[in-house]
Amino acid sequence: MVLQFLFNGLVQASVLVLGALGLSLVYGVRKFANFGHGEMLTLGAYLTLVFAASTRNLVGAALLAALAVAAVGVAQEFLVYARLEGRGPVAPLVASVGIALVLQNTIAAWWGPSIVSYGVRYPDNLLFLGGALSANAVRDLVPLAVGYSFAAAVLLYLKFAKLGKAMRATADNRDLARVSGVNTRLVDRVTWAIAGGVAAIAGVVVAVRSVTFQPITGATLLLPMFAAVIVGGIGSPSGAVVGSLLVGVSQSLFFFFSLLIGIDPRWQVAVPFALLVTVLLVRPRGLLGRAIGTEVRPLRIEVREMLRSIRRGLS
Amino acid sequence: MVDLSLVADISRGFLAPAFVFALLALALNVQWGHTGLFNAGIAGFFAMGAYIGAIFATAPEAPRIGVPGHAGLANLFPRAIPTDALVVLWVAAASAIAVGFLLRGSPRTRLGRRLRLLGFGLVFVAASGSVLRIVGVPTALVVGGLVAMLATGFAGLLIAIPTLRLRADYLAIGTLALSAIVTESIRNLESVTGGVFGITGLTRPWEFGSETYKTEAVYATFLGILVLVAFFLINRATRAPWGRVLRAIREDEDAALALGKNTYFHKVQAFVLGCALMGFAGVQYAVLLRALFPDPFVPSLTFGIVVMVIVGGSGSNLGVVVGALTLTFLEYFTVRAKDWFDLPTALADRIFFLRLILIGSLLVLLVVMRPRGLFPEPRKVTKRPRLLVRGV
């Protein structure tokens, strides 16, 4: 039983991992939280539907959609975020909210607000380990394979490719990277292209995993993705992978325990939030993150000073 | 002769929601406009306030087959605010002030000052209680409003404490998460909130039976007065030294810190104040709608308020109220356009999404082109610093 739920958690995490990776890349290089990332997932899922209708090939359509969404990502950078350089983290965040509204409602206006699906035929579940583990080849194994292989590809690219190294350098210290001859403009665009392309693949994975999707599918995944990114360490790509695993597995285990002790399993959605708040309280930089820009004072000291000001204010 | 049904429709469809949204916009302006704290979870705080208000304002309903029922506390309170309580408040206020003045000049000045402060606070409470009693607001609503403010303020405090010491975007993520949890809890806690069946049967303090236009217009006026009061109080607070510290934090937190201001505490104060006001607005919304369902509390509500603030000019209290009125009119217009004009069905079906696309594009355009809004807050410092040494 536990094994089955652990496996489900791994599959759940494979859905999150690609989205979280893109979110984390953009955060690392561009230094803001992109609230429009969920919509790139949705857009990828819908574009795949369109391309699949004409090419009759879901894999090819997904790759085409990844290219298209990568272009959308670069266009966002070009039209909006490049103009907000040096305006702090909040201005691009607000702009990303606007872009999320535009994308989500354009999708809804274009393809309608109701649920759609690819109409993939799902085979019977396969049994492993003498029936202890039941998995569906399309619903479980495909997301698992696609999610983790793409995540590994992105991590390897960051580790070994020249542009990948440039991306890490820019994320680390933009000015230093620029004086060392890194073309940071190019790095920004490549970051958006990777984030967009991977997001589109993530969207297709979500759509295959949950059978149906609708214009708000991506937006509902934004919270678990942010939780994964922050738990793993914001701006750290490998952290995003670890964070997704933690969020996915703990959601699934929560489901298991809620069945055991009789809590409403719908509270599953609160699990990412609980993880998020715990990490922010205990270790705001996340599991694998490096120290965040300015120095963060321990909460104990902040609260003590606050209480002292309250006392002083009353007298 | 004015068409009375139009009066009812404009009050109900445009003015009253516009005033509720103006309260939200004022609250967000304290957080974002003045202090630079971006709240992505307005819908959550608003929903919390609305549901607390609705639970206080209705009688409990037992579950029936297929319908979960909901909690209600209205039966615990007398209809009218009890006069005894008001008398006690007035006497307490008067005696606190009197004793405070008697202690003036003695070595116990600090105690005297505290007592006078307490007394004037109590005068405010007692006066507003008396006004509410005279105009006939039921006790349950008053208590509900106070509890809603306390609860949303406390929720805001819980999310503010871990996130406000970090970079500005952590607060945005934290509030987004909180809002998602609140709306999800509302759907899940069926025995309390009625789940998707909602809470119905709220009554307004002033109902005029079949004269709908009167009911609607009176409530819209009441909301307008609330907006005026909130505007006045927030304007006072943000023009006071306290508000100057908030703007200093927005412009350069390190500089404010270097000047000896406890920036963390000021940020927490501004954020919690804004959240409490959002909860209060939620109570008014519940009473306005008379029936409460989880549907309106979605992220696009949050971002609608953000647009209102940025259109009006974030940081300008008057501007955000104007922004709220303008944007709500736009919404009212798009909803009514279907009835007033002969729109092609393709457009009529999509007009809801088109409005949100418009709001989103407006947001992006304003952030890129006019970050201070259409009506920017006037500069508080002279453009050219005066030279200390002449003739250099």
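Chain A is the first sequence line, chain B the second, and so forth, proteins listed ahead of strands; every chain is numbered from 1.
A distance of 7.0 Å separates CZ of A:Phe226 from CG of B:Leu176, quoted to the nearest 0.5 Å. Rounding to the nearest 0.5 angstrom, the gap separating the CG atom in B:Asp169 from the CD1 atom in A:Ile230 is 8.0 Å. Remark: B:Leu178 CG to A:Leu223 CG distance equals 10.0 Å, nearest 0.5 Å. For the atom pair CD1 (A:Ile234) and CG (B:Leu166), the distance works out to 9.5 Å, reported to the nearest 0.5 Å. Expressed to the nearest 0.5 Å, how far CD1 of B:Ile159 lies from CZ of A:Phe273 amounts to 4.5 Å.
Contacts between B:Arg355 and chain A at a heavy-atom distance below 4.5 Å are absent for every atom of the residue. Both the backbone and the side chain of B:Val368 come within contact range of chain A, with heavy atoms under 4.5 Å apart. Looking at A:Leu84, only its side chain comes within 4.5 Å of chain B, counting heavy atoms on both sides. For chain A, the nearby parts of B:Ile357 are the backbone and the side chain; heavy atoms of each come within less than 4.5 Å. B:Val268 touches chain A through its side chain: at least one heavy atom from C-beta onward sits under 4.5 Å away, while N, CA, C and O do not. Residue B:Glu253 does not touch chain A at all, counting heavy-atom pairs closer than 4.5 Å. Proximity to chain A involves both the backbone and the side chain of B:Ser185, based on heavy atoms less than 4.5 angstrom apart. If you measure heavy-atom distances from A:Leu93 to chain B, the contacts under 4.5 Å come from the side chain alone. For A:Leu222, the part sitting under 4.5 Å from any heavy atom of chain B is the side chain, from C-beta outward, and nothing else. If you measure heavy-atom distances from A:Phe35 to chain B, the contacts under 4.5 Å come from the side chain alone.
The side-chain heavy atoms of A:Pro89 and B:Phe38, taken from C-beta on, include no pair separated by under 4.5 Å.
Within a 6.0 Å sphere centred on CD1 of A:Ile115, other residues, nucleotides and ligands contribute 12 heavy atoms or fewer.
Chosen from A:Pro215, A:Pro113, A:Gly112, A:Pro92, the residue pairing most often with chain B at heavy-atom distances under 4.5 Å is A:Pro113. Between chain A and the options B:Val306, B:Leu362, B:Ile359, B:Ile161, heavy-atom pairs under 4.5 Å are most frequent for B:Ile161. In terms of heavy-atom pairs under 4.5 angstrom with chain A, the leader among B:Pro299, B:Ala172, B:Ala177 is B:Ala177. Counting heavy-atom pairs closer than 4.5 Å to chain A, the top residue among B:Ile173, B:Leu37, B:Ile181, B:Leu171 is B:Ile173.
Within residues 94-107 of chain A, the residues having any heavy atom less than 4.5 Å from a heavy atom of chain B are, in residue-number order, A:Val94, A:Ala95, A:Val97, A:Gly98, A:Ile99, A:Leu101, A:Val102, A:Asn105, A:Thr106.
Between B:Gly174 and A:Leu276, the shortest heavy-atom contact is CA-CD2, 4.4 Å.
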